[in-house]
Protein chains: 2
Amino acid sequence: MPSALTNMFATIVFMSPRREPVSRRDRPAKPPLSRAALVAVALRIMREEGLEKATMRRLAAELDTGPASLYVYVRNTAELHGAMLDELVAGLEPPEPAAGDWRERLIGLLTSYTWMLFARPGLARSVLTLRPCGPHYLRLIDTVLGLLLAGGMPDRQAAWGVDILLQHATATAAEQGSRAEAAEAAGEEADLALAVAEAGAGAYPHLVRVRDELFAGTGEERMRWSFGTIIDGLS
Amino acid sequence: MPSALTNMFATIVFMSPRREPVSRRDRPAKPPLSRAALVAVALRIMREEGLEKATMRRLAAELDTGPASLYVYVRNTAELHGAMLDELVAGLEPPEPAAGDWRERLIGLLTSYTWMLFARPGLARSVLTLRPCGPHYLRLIDTVLGLLLAGGMPDRQAAWGVDILLQHATATAAEQGSRAEAAEAAGEEADLALAVAEAGAGAYPHLVRVRDELFAGTGEERMRWSFGTIIDGLS
DNA sequence: ACCTGAACACCGTTCAAGT
DNA sequence: ACCTGAACACCGTTCAAGT
């Protein structure tokens with residue numbers, strides 16, 4: 001907290017020895033705590049330094065308070081992550097009605113949700129073990145449902161389908177996104193590639209047969225194909 | 001470590017004061033460190049107390065050494081989890097050739113893999129951000145591939161399909177499993193149910209329409225249905 | 001090569017006490 | 001009701017030094 005330090009010296013050097021009221025006036029206006037403020041700061045830290053830095057302790061330091069104070073506004077870290085996700089989902093543009101049939105629009109929406117999480121793999125990982133329930137996430141569920149129903153799907157198929165589709169989006173972001181980012185994860189990817197390359201046709205005949213297809217295709221290609229495949233299965 | 005304590009007292013009370021050689025002889029034979037020993041102890045702790053207790057520090061204490069010693073055998077915690085998964089996959093029984101057609105056998109295999117992870121949600125969560133590459137996991141990939149190819153699927157479809165199917169299995173276990181277990185996660189489930197119950201038909205028309213279907217069905221039902229749906233989409 | 005103690009640089013959450 | 005400092009009970013990983 002360099003700014004706090006600076007202010008402390010300012011107080012000592014230039015001000016009267018009555019410390020408390022003066023340093024209070026002098027300090028940059030401390031923003032009032034609130035759930036929204038917490039989420040905003042957490043999103044900024046995530047953007048600038050990654051989710052792993054957006055810890056309760058760090059947030060508290062940033063907001064010039066102790067970690068215990070945050071627990072007035074969120075139950076725990078998981079709830080904070082849920083609130084962060086909701087804010088990000090709010091920023092997703094809704095599918096244009098003119099953008100093709102329901103299937104195309106649905107794939108477009110799911111793809112843009114996935115890309116959004118792709119850039120935040122840590123959050124995706126956290127969301128996977130959550131039940132997001134913010135208003136904007138409910139909006140997303142409603143929109144996906146609407147598109148599935150527009151495709152003539154029975155209610156149950158649509159209801160269960162939305163779960164599979166959103167879970168696939170989140171899991172893909174958690175899995176692929178973290179690998180694209182972290183250096184250690186790149187090592188794991190290489191380990192698998194090596195293991196597959198070394199696999200003998202005797203022990204792993206099918207693996208050897210489709211070896212080249214396993215790692216083929218771009219992320220975008222595989223993503224669209226996956227969503228299309230699941231949607232086709234639902235229909 | 002009560003056994004170490006007991007032995008220490010035994011040494012002090014009954015033995016000569018020359019401590020080191022005696023206590024060395026007296027101590028239960030310290031098993032030699034090895035990757036397999038690490039994995040075995042980690043699996044036991046996970047079984048008895050959950051994955052979150054199977055930390056590097058705890059493993060080291062259990063193996064009567066310092067945490068630094070473990071890094072000779074595994075690169076990091078992620079690699080340890082990968083090795084644990086491989087051991088668990090080894091214990092999965094292969095699908096009986098008589099158990100119906102390829103589709104039924106495939107669903108059976110995927111279901112049993114999912115149930116196995118379901119009981120270990122923490123591991124499932126960890127595996128999701130991993131590329132498992134152990135011999136038994138490769139076996140699993142090969143078997144799934146074999147069944148898809150037996151269904152007459154082109155190579156590419158099978159290769160990309162195995163990714164979707166295994167990811168879905170892992171993600172389902174990570175998501176549902178942790179909720180079934182942790183008390184806090186149950187709260188999140190309730191939060192979502194509440195939010196859905198309170199959703200207005202004006203803002204969320206589709207959500208309200210299929211409201212009852214969203215939470216319908218048992219885990220087993222939805223699991224089989226999901227795998228069936230994805231397989232149908234692949235075909 | 002393998003093993004170690006100690007250190008580095010942190011965590012989330014709770015609690016009693018304040019205002 | 002809201003806020004706080006301090007504490008509780010831990011983490012993963014690295015490093016220099018030993019054997």
Side-chain angles (χ1 to χ4, degrees), chain A residues 1 4 8 20-21 23-24 27 29-38 41-42 45-46 49-84 122-123 125-126 129-130 178 182-185 187-188, chain B residues 1 4 20-21 24 27 29-38 41-42 45-46 49-84 122-123 125-126 129-130 178 182-185 187-188:
Chain A
M1 296 169 293
M8 201 178 75
E20 273 147 274
S23 69
R24 250 194 193 295
R27 200 180 297 156
K30 184 174 156 180
L33 284 184
S34 72
R35 195 176 221 264
L38 237 68
V41 173
I45 296 177
M46 178 173 69
E49 304 173 50
L51 181 71
E52 67 280 5
K53 293 289 180 187
T55 64
M56 294 301 233
R57 279 166 186 272
R58 172 69 188 279
L59 252 54
E62 205 93 8
L63 289 161
D64 209 9
T65 183
S69 307
L70 310 185
Y71 288 82
V72 177
Y73 304 99
V74 290
R75 263 208 298 263
N76 48 39
T77 307
E79 197 179 294
L80 174 69
H81 290 172
M84 291 166 74
L123 189 65
R125 229 168 300 146
S126 186
T129 64
L130 228 67
S178 53
E184 10 117 348
E188 282 159 23
Chain B
M1 297 169 293
E20 272 146 275
R24 251 195 192 294
R27 201 181 295 158
K30 185 171 153 181
L33 285 184
S34 73
R35 195 175 220 264
L38 239 67
V41 173
I45 296 177
M46 178 173 70
E49 305 172 52
L51 181 71
E52 67 280 5
K53 294 288 179 189
T55 64
M56 294 300 234
R57 279 165 186 273
R58 172 69 188 280
L59 251 54
E62 205 93 9
L63 289 161
D64 208 9
T65 183
S69 307
L70 310 185
Y71 288 81
V72 176
Y73 304 99
V74 290
R75 262 208 299 261
N76 49 37
T77 307
E79 197 180 295
L80 174 68
H81 290 172
M84 290 167 74
L123 190 65
R125 228 169 302 147
S126 186
T129 64
L130 228 66
S178 53
E184 10 115 350
E188 283 160 22

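A note on names: the letters A, B, ... follow the listed sequences, proteins ahead of strands, and every chain is numbered from 1.
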From C-beta outward on B/Leu33, which listed nucleotide comes closest to its side chain: C/dC3, D/dC3, C/dC8?
C/dC3
C1' gap between C/dA9 and D/dC10, integer Å:
14 Å
How close or far is atom C1' of D/dC10 from atom NZ of B/Lys53, stated in whole angstroms?
9 Å
Sequence neighbours left out, what passes side chain to side chain donor-acceptor pair (under 3.5 Å) with B/Thr77? Give chain and number order.
none
Can you tell me how far P of C/dC2 sits from CZ of B/Arg35, to the nearest Å?
13 Å
May I ask you to test the A/Leu33-A/Val72 pair for a side-chain heavy-atom distance under 4.5 Å?
no
Whole Å only: how far is the CG atom of B/Leu63 from the C1' atom of C/dC2?
15 Å
For nucleotides 14-19 of chain D, give me every protein contact, N/O to N/O, under 3.5 Å, one pair per line with atom names.
none

Whole-Å C1' distance, D/dC15 and C/dC2:
15 Å
Closer than 4.0 Å, any side-chain N/O of B/Thr55 to the OP1 or OP2 of D/dC10?
no
Got a sec, which residues hit side chain to side chain donor-acceptor pair (under 3.5 Å) with B/Thr55, two or more places apart in sequence or on another chain?
none
Not counting sequence neighbours, which residues clear side chain to side chain donor-acceptor pair (under 3.5 Å) with A/Glu49? List them please.
A/Arg58
C1' atoms of C/dA6 and D/dC11, separation to the nearest Å:
16 Å
Whole-Å distance, B/Leu59 CG to D/dC10 C1', equals 16 Å
What's the OH-P distance between B/Tyr73 and D/dT13, to the nearest Å?
17 Å
For A/Arg57 and D/dC8, give me the distance from atom CZ to atom C1', rounded to whole Å.
10 Å
May I ask you to decide whether A/Arg125 forms a salt bridge with A/Glu52, counting only side-chain N to carboxylate O separations under 4.0 Å?
no
How many Å lie between CZ on B/Arg58 and P on D/dA9, as a whole number?
16 Å
Starting from C1' on C/dC3, measure out to CE on B/Met56 and report it in whole angstrom.
15 Å
Atom OH of B/Tyr73 and atom CG of B/Leu59: how far apart are they, to the nearest 0.5 Å?
13.0 Å
Please report the C-alpha distance between B/Met46 and B/His81 in whole Å, then the side-chain angles of each, then the deciding distance to 0.1 Å, and finally whether the side-chain contact (heavy atoms from CB on, under 4.5 Å) criterion is met.
CA-CA 11 Å; B/Met46 178 173 70; B/His81 290 172; over 6 Å; no
Sequence neighbours excluded, the answer for side chain to side chain donor-acceptor pair (under 3.5 Å) partners of B/Ser69 is B/Thr65
Nearest 0.5 angstrom please: B/Leu38 CG to B/Met84 CE, how far?
10.0 Å
In this structure, which stretches of DNA chain C are paired as stems of three or more consecutive Watson-Crick or G-U pairs, both distances less than 3.5 Å?
C:4-8 with D:12-16, C:12-16 with D:4-8
